[in-house]
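Input: a single structure, listed below in structure tokens.
Ligands are counted one by one from 1 in listed order, and the atoms in each one are counted from 1 as well.
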Amino acid sequence: MKITLTTKNDRETLSLAKSLGPYLEPGIQLLLDGDLAAGKTVFAKGVGAGLGIEENIKSPSYTLLCIYEGRLPFYHFDTYHLNGIDDFYDLGFDEYLDGDGVALIEWASVVRDGFPYGFIAVAMEKFPEDENRRRLTFTAVGAEHQRVLKEWQEHEHIGL
Ligand SMILES: Nc1ncnc2c1ncn2[C@@H]1O[C@H](COP(=O)(O)OP(=O)(O)OP(=O)(O)O)[C@@H](O)[C@H]1O
Ligand SMILES: [Mg+2]
């Protein structure tokens with residue numbers, strides 16, 4: 001299953017991501033990819049809002065991980081500065097996967113090889129001719145993540 005859609009500005013990306021909030025469950029992983037300024041952090045802010053987090057969600061590009069408390073714990077990673085999944089384990093970050101909260105990883109292609117659990121992948125692409133437009137492609141690996149993606153699509157009429 002694959003969902004492809006475009007957003008026309010950052011507010012649309014924010015509200016799209018926010019609409020995912022109610023469908024997220026403990027142990028859901030969101031793996032985001034896309035070039036610099038593709039909108040990964042904007043998407044993360046939307047997910048955070050959808051989980052009822054009121055704190056300002058900031059890019060974890062230097063801290064690598066930010067933890068927030070909402071309806072569920074929210075673990076926001078940026079793996080740009082890592083070399084692979086082994087670094088992720090060395091930092092003890094696997095402790096936050098498949099657990100009590102929702103994990104979102106920016107630059108997830110870095111840790112995709114050998115990633116130990118299912119996930120929803122979100123690929124974000126810019127359009128050369130329109131600086132405010134983004135194409136988002138959602139796919140899911142694993143039965144649980146496929147079910148969550150499907151429920152979101154069906155109930156919110158996403159990409160239909
Ligand atoms: N449709 C859109 N969706 C998301 N962001 C958009 C869109 N159009 C324009 N933008 C702008 O693009 C920028 C995206 O920045 P953001 O920090 O979210 O990117 P990022 O992918 O997290 O970058 P980085 O690789 O540095 O982490 C913001 O300035 C945002 O306002
Ligand atoms: Mg970012």
Side-chain angles (χ1 to χ4, degrees), residues 2-24 28-70 72-88 90-97 101-115 117 119-141 145 148-149 152-153 156-160:
K2 180 166 158 177
I3 302 170
T4 303
L5 50 85
T6 62
T7 59
K8 289 193 285 296
N9 51 55
D10 53 0
R11 293 185 312 282
E12 278 192 15
T13 299
L14 205 62
S15 67
L16 177 75
K18 186 176 175 184
S19 76
L20 246 179
Y23 302 92
L24 298 173
I28 294 294
Q29 276 83 225
L30 299 166
L31 268 52
L32 271 59
D33 279 298
D35 293 343
L36 277 172
K40 301 178 293 296
T41 299
V42 169
F43 191 92
K45 285 175 189 285
V47 169
L51 288 171
I53 293 158
E54 288 170 11
E55 219 176 315
N56 182 28
I57 287 168
K58 287 182 258 165
S59 174
S61 49
Y62 294 99
T63 55
L64 308 181
L65 167 64
C66 293
I67 300 178
Y68 304 91
E69 283 296 330
L72 299 168
F74 182 45
Y75 305 111
H76 182 194
F77 298 92
D78 188 319
T79 51
Y80 182 77
H81 293 287
L82 304 191
N83 288 313
I85 191 75
D86 288 345
D87 285 355
F88 201 79
D90 288 347
L91 291 159
F93 285 171
D94 54 305
E95 163 190 352
Y96 300 106
L97 301 179
V102 172
L104 182 150
I105 305 176
E106 298 193 32
W107 293 101
S109 60
V110 171
V111 295
R112 180 81 67 91
D113 247 15
F115 193 77
Y117 302 109
F119 54 83
I120 293 172
V122 186
M124 303 186 69
E125 295 162 272
K126 298 192 229 178
F127 287 76
E129 67 277 14
D130 183 347
E131 64 171 307
N132 291 321
R133 191 178 281 270
R134 299 290 188 271
R135 178 185 291 114
L136 287 85
T137 306
F138 297 82
T139 49
V141 169
H145 288 79
V148 168
L149 188 59
W152 177 56
Q153 176 180 44
E156 304 291 326
H157 309 291
I158 300 297
L160 299 175

Do [X] and [Y] have side chains that get closer than 4.5 Å, going by heavy atoms?
| X | Y | answer |
| --- | --- | --- |
| D94 | Y117 | no |
| H81 | W107 | no |
| L64 | D78 | no |
| W152 | F138 | yes |
| R135 | M124 | no |
| L136 | T7 | yes |
| D113 | I85 | no |
| F127 | T6 | yes |

Quick test of your reading of the structure: of G39, A17, G46, S61, whose heavy atom lies closest to atom 19 (O) of ligand 1?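 The residue whose heavy atom sits nearest atom 19 (O) of ligand 1 is G39.
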My understanding is that we take every heavy atom of each candidate and find the minimum distance to atom 28 (C) of ligand 1. Doing that for V42, D78, T41, which one comes out nearest?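 It is V42 whose heavy atom sits nearest to atom 28 (C) of ligand 1.
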contact_flag [X] ligand 1 heavy-atom lt 4.0 Å:
| X | value |
| --- | --- |
| Y80 | no |
| G34 | no |
| E106 | yes |
| M124 | no |
| L14 | no |

Which atoms of ligand 1 sit under 4.0 Å from any heavy atom of [X]?
| X | value |
| --- | --- |
| D35 | 21 (O) |
| L36 | 25 (O), 26 (O) |
| E131 | 8 (N), 9 (C) |

Sorted by chain and residue number, which protein N/O/S atoms are under 2.8 Å from the Mg ion (ligand 2)?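 Short answer, with waters excluded from the count: T41 OG1, E106 OE1.
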What part of F43, side chain, backbone, both or neither, has a heavy atom within less than 4.0 angstrom of ligand 1?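 F43 to ligand 1: no contact under 4.0 Å from either part.
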Side chain to side chain contact (heavy atoms under 4.5 Å, CB included) partner of Y75, chosen from V102, I67, L104, L97: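 Result for side chain to side chain contact (heavy atoms under 4.5 Å, CB included) with Y75: I67.
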Looking at I57, I53, L24, L32, which hits side chain to side chain contact (heavy atoms under 4.5 Å, CB included) with V47?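 Between V47 and the candidates, side chain to side chain contact (heavy atoms under 4.5 Å, CB included) is satisfied uniquely by L24.
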Identify, for [atom], the protein heavy atom at the shortest distance, and state residue, atom and that distance.
| atom | value |
| --- | --- |
| atom 11 (C) of ligand 1 | R134 NH2, 3.7 Å |
| atom 15 (O) of ligand 1 | A37 CA, 3.9 Å |
| atom 3 (N) of ligand 1 | T13 OG1, 2.6 Å |
| atom 31 (O) of ligand 1 | D10 OD2, 2.8 Å |
| atom 1 (N) of ligand 1 | N132 O, 2.9 Å |

Nitrogen or oxygen of K40 less than 3.5 angstrom from that of ligand 1: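 Yes: some nitrogen or oxygen of K40 is under 3.5 Å from one in ligand 1.
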If we only count N/O pairs under 3.5 Å, is K8 in contact with ligand 1?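 It does not: no N or O of K8 is found under 3.5 Å from an N or O of ligand 1.
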Run the side-chain hydrogen bond (donor to acceptor under 3.5 Å, both in side chains) check on S109 and D33 step by step: do they pass? CA-CA 6 Å; S109 60; D33 279 298; 3.3 Å; yes
Looking at atom 25 (O) of ligand 1, is any protein heavy atom nearer than 4.0 Å to it?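 Protein heavy atom within 4.0 Å of atom 25 (O) of ligand 1: present.
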Among side-chain atoms of E106 and T79, is any donor-acceptor pair under 3.5 angstrom?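 E106 vs T79: no donor-acceptor pair found between side chains.
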Measuring from R134:CZ to K40:NZ, what's the distance to the nearest 0.5 Å?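 Spacing of CZ (R134) from NZ (K40) equals 9.5 Å.
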Nearest 0.5 Å please: distance from the CD1 atom of I105 over to the OH atom of Y96.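 These two atoms lie 13.0 Å from each other.
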In terms of the angle between their ring planes, are F74 and H76 parallel, tilted or perpendicular, with boundaries placed at 30° and 60°?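 Correct class here is parallel.
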